[in-house]
Amino acid sequence: MSEVTPTELTREQQTEFEAAAFRRLVQHLRERADVQNIDLMNLAGFCRNCLSNWYRDAASDAGVDLSKDASREIVYGMPYEDWKNLHQAEASDAQKAAFDVNKPAHG
C-alpha cells in the first residue's frame with residue numbers, strides 16, 4: 001500500500017475516516033468513564049458535553065433538529081442522567097478552581 005497525502009484523499013474518504021475517528025473517540029470516552037468531564041475541560045478545553053453540542057450543531061447545520069438529550073445519548077451511550085448517576089463524582093475544590101481559570105469563553 002502506498003502512502004497518500006491529505007490532499008489525495010477524496011471527500012468521501014475524508015468523511016469516512018473522520019467518522020471512524022469520531023466513533024473511536026466516543027468509544028474511548030465511554031470506556032474511560034473514570035475520567036471526569038471537569039478533568040477533560042481543565043486539560044483539553046472540551047468534554048463529552050462539548051462533543052455532544054458539536055454533534056448537535058452539525059445536525060442543525062444539515063437541517064436536522066436533534067435534541068440536546070439525544071445528542072448527549074449519542075456521545076454517552078446512555079441517557080445523560082443515567083451516566084451522571086453511574087459515573088459523575090462531585091468536583092473537588094481544586095478541580096473547580098482549575099476550571100474557573102481554564103474554562104473556555106464559549107459554551
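Starting from 1, each residue takes its place in the sequence as its number.
Here the closest non-hydrogen pair linking R72 and S52 is CG-OG, 3.3 Å. Between L86 and M78, the closest heavy-atom pair is CD1-SD, 3.8 Å. Taking each heavy atom of A33 and R48 in turn, the nearest pair found is CA-NH2, 3.9 Å. Residues M41 and C50 come closest through the heavy atom pair SD-SG, 3.8 Å. The shortest heavy-atom contact between A91 and I38 is CB-CD1, 3.8 Å. The two residues N42 and A98 have their closest heavy-atom pair at OD1-C, 3.4 Å.
Looking at residues two or more places apart in sequence or on another chain, you find no salt bridge (Lys or Arg N to Asp or Glu O under 4.0 Å) involving E12. Scanning for salt bridge (Lys or Arg N to Asp or Glu O under 4.0 Å) contacts around K68 gives an empty result, with sequence neighbours left out. Here E18 pairs with Q14 under the side-chain hydrogen bond (donor to acceptor under 3.5 Å, both in side chains) rule; sequence neighbours left out. Residues passing the side-chain contact (heavy atoms from CB on, under 4.5 Å) test with T15 are R11, sequence neighbours excluded. Under the rule for a salt bridge (Lys or Arg N to Asp or Glu O under 4.0 Å), the partners of E81 that lie at least two apart in sequence or sit in another chain are K84. S60 meets the side-chain hydrogen bond (donor to acceptor under 3.5 Å, both in side chains) test with no other residue; sequence neighbours excluded. With sequence neighbours excluded, the residues forming a side-chain hydrogen bond (donor to acceptor under 3.5 Å, both in side chains) with Q27 are E31, listed by chain and number. Residues forming a side-chain contact (heavy atoms from CB on, under 4.5 Å) with T7 (at least two apart in sequence, or on another chain): T5. Partners of D34 by salt bridge (Lys or Arg N to Asp or Glu O under 4.0 Å), not counting sequence neighbours, listed by chain and number: R32.
Alongside L9, the hydrophobic cluster contains V4, F17 (criterion: ILVMFWY side chains under 4.5 Å). L43 forms part of no hydrophobic cluster, judged by ILVMFWY side-chain heavy-atom separations under 4.5 Å.
Judged by distance alone, the side chains of Q88 and N37 never bring a donor and an acceptor atom under 3.5 Å apart.
With contacts defined as side-chain heavy-atom distances shorter than 4.5 Å, the pair L25/L51 qualifies.
Between the CG atom in N49 and the CZ atom in R56 there is a gap of 12.0 Å [rounded to 0.5 Å]. Distance OG/S67 to CD/E73: 9.0 Å, rounded to 0.5 Å.
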Q.
Is there a side chain to side chain contact (heavy atoms under 4.5 Å, CB included) between E90 and K96? Walk through the geometry before answering.
A. CA-CA 10 Å; E90 180 67 30; K96 291 175 187 176; 3.3 Å; yes
Q: Decide yes or no on side chain to side chain contact (heavy atoms under 4.5 Å, CB included) for L29 and V35, but give the supporting numbers first.
A: CA-CA 8 Å; L29 291 172; V35 178; over 6 Å; no
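Annotation for D65: atom CG does not count as buried by contact number, only 12 or fewer foreign heavy atoms lying within 6.0 Å. Within 6.0 Å of CG on D100 lie more than 12 heavy atoms contributed by other residues, nucleotides or ligands.
Judged purely by atom type and a 3.5 angstrom limit, R30 uses its side chain to pair as donor or acceptor with the backbone of V75.
Sorted by first then second residue, the ring-ring contact (aromatic ring centres under 6.0 Å, His included) pairs that include residues 58-96, not counting sequence neighbours, are Y76-Y80, Y76-W83, W83-H87.
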